[in-house]
Amino acid sequence: MIELKELYKKYGSHIVLNGISLDVKKGSVFGFLGHNGAGKSTTMNILTGLINYDSGIVRINGKDMKSNKNEIMKNVGYLPETPKFYPYMNAYEYLSFIGNLSGYSKKEIRNRSKELLKQVKLESAEKRRIGGYSRGMKQRLGLAVSIFNKPEILFLDEPSSALDPEGRREIIEIIQNLKKQDITVFLSTHILNDVERVCDEVVILNDGEIALQGKLNKIKEDYILPVYDIEFENSIENIKELLLKESWIYNIHEKNKLISVYVKDRDTAKKQLLKLVSRFDNPVTSYSMRKSNLEDIFLRVVNKNE
Amino acid sequence: MNSFKAYLLKEFKEGIRSYKFLIIGVAIIIFAILDPIMLKLLPRILASQSNIALPLDEFIKVSQGAALQNYLKDINQIINIVIIFSLMGILSDEAKEKMLVFPYSKGASKAGIVLGKFTNYAIAISVFLTFGFMINYYYAGVLFPDSFINFRVVLVVVGLSSIYFIFNISLIILLSSVFKKGIWAGMSSIGIIFLLPLLGKILPIKRYLPSYLIDQCNKILALNNITFDYNVLTTILGITIYVIILNVTSIWVMNGKEIA
Ligand SMILES: Nc1ncnc2c1ncn2[C@@H]1O[C@H](COP(=O)(O)OP(=O)(O)O)[C@@H](O)[C@H]1O
Ligand SMILES: [Mg+2]
């Protein structure tokens with residue numbers, strides 16, 4: 001459905017995308033992760049035909065972007081990171097404007113607008129100027145705009161990042177609904193909780209390169225290793241250095257009297273870790289093991305590449 | 001065509017709600033009303049300030065035609081600048097504010113966007129100018145009843161000055177597509193629009209310049225007779241070609257522009 005091969009994009013001498021390749025299957029919800037400045041929005045702007053790229057192949061629905069841009073754009077919906085509207089219009093007028101652009105009849109526009117305003121819960125605000133909308137309302141209106149012409153592929157650039165938990169839940173519910181309608185969703189985000197709830201497949205982008213790519217289930221299986229949280233009675237000094245000397249420990253996060261130990265080998269850790277920490281002249285007040293989540297995987301993959 | 005219609009409607013709404021129509025319309029109409037009144041009062045103001053009683057009314061002989069010429073001059077200067085400053089952000093602001101992301105992502109045609117905007121203001125300004133000249137014609141007639149200008153002359157003036165402004169609008173649109181900031185589009189528009197007539201003084205191309213229409217408006221108002229130095233159709237044909245070139249270039253610029 002979406003195919004990228006060796007995509008390069010630079011601004012001046014700054015290489016933003018350094019040869020990205022990925023493949024998104026029809027009907028899947030694809031999570032596109034990466035911290036700020038990784039190049040997520042740039043990639044999405046390229047995939048939606050809004051900006052040009054320096055080299056590489058971009059194919060949507062089997063069609064090449066360079067030669068079929070207008071045709072591709074008609075089947076694609078895009079919700080940019082910060083959606084912008086003409087502030088003097090109200091929500092209904094803006095949707096009508098989009099309907100007019102797409103060549104819908106008056107009646108179709110009316111029905112579709114009403115339906116969408118209901119879906120994104122903006123019915124009661126439809127006659128108010130968009131200029132006075134809150135961030136969350138704009139995001140919901142943007143979602144309505146992006147799916148107005150029933151696209152086959154929907155690009156959502158951090159749709160829930162600026163929202164409160166309630167607003168985020170609503171957006172996630174809408175995405176789950178879209179998935180049922182067999183719409184392919186390409187979702188960029190740094191909120192990993194959202195990814196775990198809706199995505200089938202993920203790519204982690206780091207500094208313009210792909211750091212990890214695969215099915216979410218598979219990644220979890222492969223990458224999820226236990227994390228040990230250990231709390232000491234006294235403040236921690238050079239414990240981190242000592243522990244990191246062990247080959248089966250690959251990372252340690254410390255905070256006050258608490259350390260989180262990320263291990264590579266669960267069997268060795270089970271046997272060795274407790275012994276190791278009991279040797280320090282610093283009583284352990286708590287010791288627990290948890291499964292690492294996507295966030296840990298993310299941090300691990302991104303840090304490894306640094 | 002869908003994009004053209006959508007943008008024509010959108011620009012019309014924006015013209016009203018962002019007060020652009022109001023500003024341009026009020027400027028055109030206020031000058032239409034105040035100009036003749038000022039001309040009427042001017043000799044009296046001058047007389048009240050000089051000690052010797054000069055027969056100033058004799059020196060400054062104002063007729064309806066002269067009043068219309070004066071209005072034409074204001075339109076060509078102050079109103080021109082008001083229009084330039086109102087429209088200088090017509091494309092640059094949309095690009096800068098990322099307003100085009102949704103329309104572009106829906107596959108909006110750049111030609112539709114540019115032509116929708118152009119058509120809206122071409123019509124709006126022609127309508128305002130028609131009202132302005134009618135009002136001015138009426139007031140000047142009331143205040144200076146000695147000499148009347150033929151109404152057909154005024155109609156020709158309305159037509160020619162509208163065509164002149166249509167050229168200016170397409171020029172402003174092009175510059176607004178090129179520059180990132182509206183103010184530069186505005187400054188360069190002012191530069192080109194006011195320097196272009198000077199070219200006619202150096203080179204023998206006067207009648208191919210848009211400002212030639214304003215010159216001829218002045219002339220026919222002074223003569224109260226529709227006669228031109230050269231066939232004015234040549235100028236109109238030239239302007240039609242310039243407008244097409246300017247609009248096509250704007251569309252081309254918008255096609256290559258990264259708006260996200
Ligand atoms: N128009 C631009 N001009 C110059 N640099 C840009 C431009 N857009 C983005 N960048 C740079 O490209 C990098 C990636 O940006 P972006 O794609 O927005 O990242 P993300 O969406 O992952 O946060 C950043 O370093 C950013 O500064
Ligand atoms: Mg971004």
Side-chain angles (χ1 to χ4, degrees), chain A residues 9 11 41-53 68-90 93-105 109 129-131 138 141-149 151 153-155 157, chain B residues 1-23 86-87 89-117 119-121 177 180 182 251-260:
Chain A
K9 169 79 181 176
Y11 284 111
S41 299
T42 305
T43 310
M44 298 183 89
N45 287 333
I46 291 171
L47 286 171
T48 48
L50 297 178
I51 63 174
N52 302 318
Y53 46 99
N68 303 279
K69 195 151 120 185
N70 287 335
E71 201 189 331
I72 289 172
M73 286 174 105
K74 288 202 162 62
N75 290 317
V76 162
Y78 185 29
L79 174 61
E81 201 164 354
T82 320
K84 292 289 182 67
F85 312 89
Y86 298 117
Y88 51 82
M89 289 188 186
N90 63 41
E93 286 174 320
Y94 196 82
L95 288 175
S96 306
F97 165 69
I98 293 296
N100 284 332
L101 271 181
S102 311
Y104 281 58
S105 74
I109 290 174
R129 282 178 72 246
I130 303 172
K138 284 185 186 163
L141 177 58
L143 195 60
V145 171
S146 65
I147 57 179
F148 192 95
N149 45 339
I153 308 175
L154 185 60
F155 292 91
D157 194 358
Chain B
M1 205 57 193
N2 294 329
S3 304
F4 173 76
K5 276 193 238 155
Y7 263 85
L8 187 61
L9 188 66
K10 174 257 165 193
E11 277 311 309
F12 183 71
K13 245 179 215 165
E14 184 168 314
I16 293 171
R17 298 199 193 159
S18 67
Y19 307 113
K20 286 199 190 95
F21 284 167
L22 190 72
I23 292 166
S86 305
L87 302 189
I90 193 162
L91 283 170
S92 59
D93 284 357
E94 292 228 16
K96 190 166 58 129
E97 305 290 332
K98 310 241 183 274
M99 296 294 187
L100 294 172
V101 173
F102 274 132
Y104 272 38
S105 79
K106 297 291 169 198
S109 104
K110 290 34 164 204
I113 295 176
V114 168
L115 295 178
K117 284 168 180 278
T119 307
N120 175 65
Y121 282 101
S177 75
K180 277 213 172 82
I251 294 165
W252 178 76
V253 172
M254 290 313 283
N255 259 320
K257 198 162 179 154
E258 297 197 339
I259 49 85

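Below, chains carry the letters A, B, ... as their sequence lines are ordered, and counting in each starts from 1. Computed from a prediction, not measured in an experiment: that's the story for all the values here.
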Ignoring hydrogens, what is the shortest heavy-atom contact between A:Pro83 and B:Phe102? Give both atom names and the distance. CB-CE1, 3.6 Å
Measure distances from B:Leu9 to the heavy atoms of chain A and classify the residue's part below 4.5 Å as side chain, backbone, both or neither. side chain
Answer with side chain, backbone, both or neither: which region of A:Leu101 has an atom nearer than 4.5 Å to a non-hydrogen atom of chain B? both
Please step through side-chain contact (heavy atoms from CB on, under 4.5 Å) for the pair A:Leu79 and A:Phe155, ending with a clear verdict. CA-CA 6 Å; A:Leu79 174 61; A:Phe155 292 91; over 6 Å; no
Between A:Pro151 and chain B, with a heavy-atom cut-off of 4.5 Å, which part of the residue counts as in contact: side chain, backbone, both or neither? neither
Say you draw a straight line from CD1 of B:Ile259 to CD1 of A:Ile51; how long is it, rounded to the nearest 0.5 Å? 9.5 Å
Taking the six-membered ring for Trp and the single ring otherwise, decide whether the centroids of A:Phe148 and A:Phe97 are under 6.0 Å apart. no
Can you tell me how far the CG atom of A:Leu154 sits from the CG atom of A:Leu143, to the nearest 0.5 Å? 6.5 Å
Heavy atoms only, distances under 4.5 angstrom: which of B:Gly112, B:Ala108, B:Pro103 has the most pairs with chain A? Name it, please. B:Pro103
Looking at every heavy atom in both B:Ser86 and B:Ile23, which two are closest together, and how far apart are they? OG-CG2, 4.2 Å
Do chain B and chain A have donor-acceptor pairs under 3.5 Å, and which are they?
from	atom 1	to	atom 2	distance (Å)
B:Tyr7	OH	A:Tyr86	OH	2.8
B:Glu14	OE1	A:Tyr88	OH	2.4
B:Arg17	NH1	A:Tyr88	O	2.8
B:Arg17	NH1	A:Glu93	OE1	2.9
B:Arg17	NH1	A:Glu93	OE2	3.3
B:Arg17	NH2	A:Glu93	OE2	2.6
B:Glu94	OE1	A:Tyr86	OH	2.5
B:Glu94	OE2	A:Tyr86	OH	3.4
B:Glu97	O	A:Lys84	NZ	3.4
B:Lys106	NZ	A:Val145	O	2.8
B:Lys106	NZ	A:Ser146	O	3.1
B:Lys106	NZ	A:Asn149	OD1	2.9
B:Glu258	OE2	A:Lys9	NZ	3.1
B:Glu258	OE2	A:Asn52	N	3.0

With chain B, which of A:Pro80, A:Pro87, A:Gly99, A:Gly77 has the greatest number of heavy-atom pairs at distances under 4.5 Å? A:Pro80
In terms of heavy-atom contacts, B:Ser177 and B:Leu91 come closest through CB-CD1, 3.6 Å
Contact origin within A:Val145 toward chain B - heavy atom pairs under 4.5 Å: both
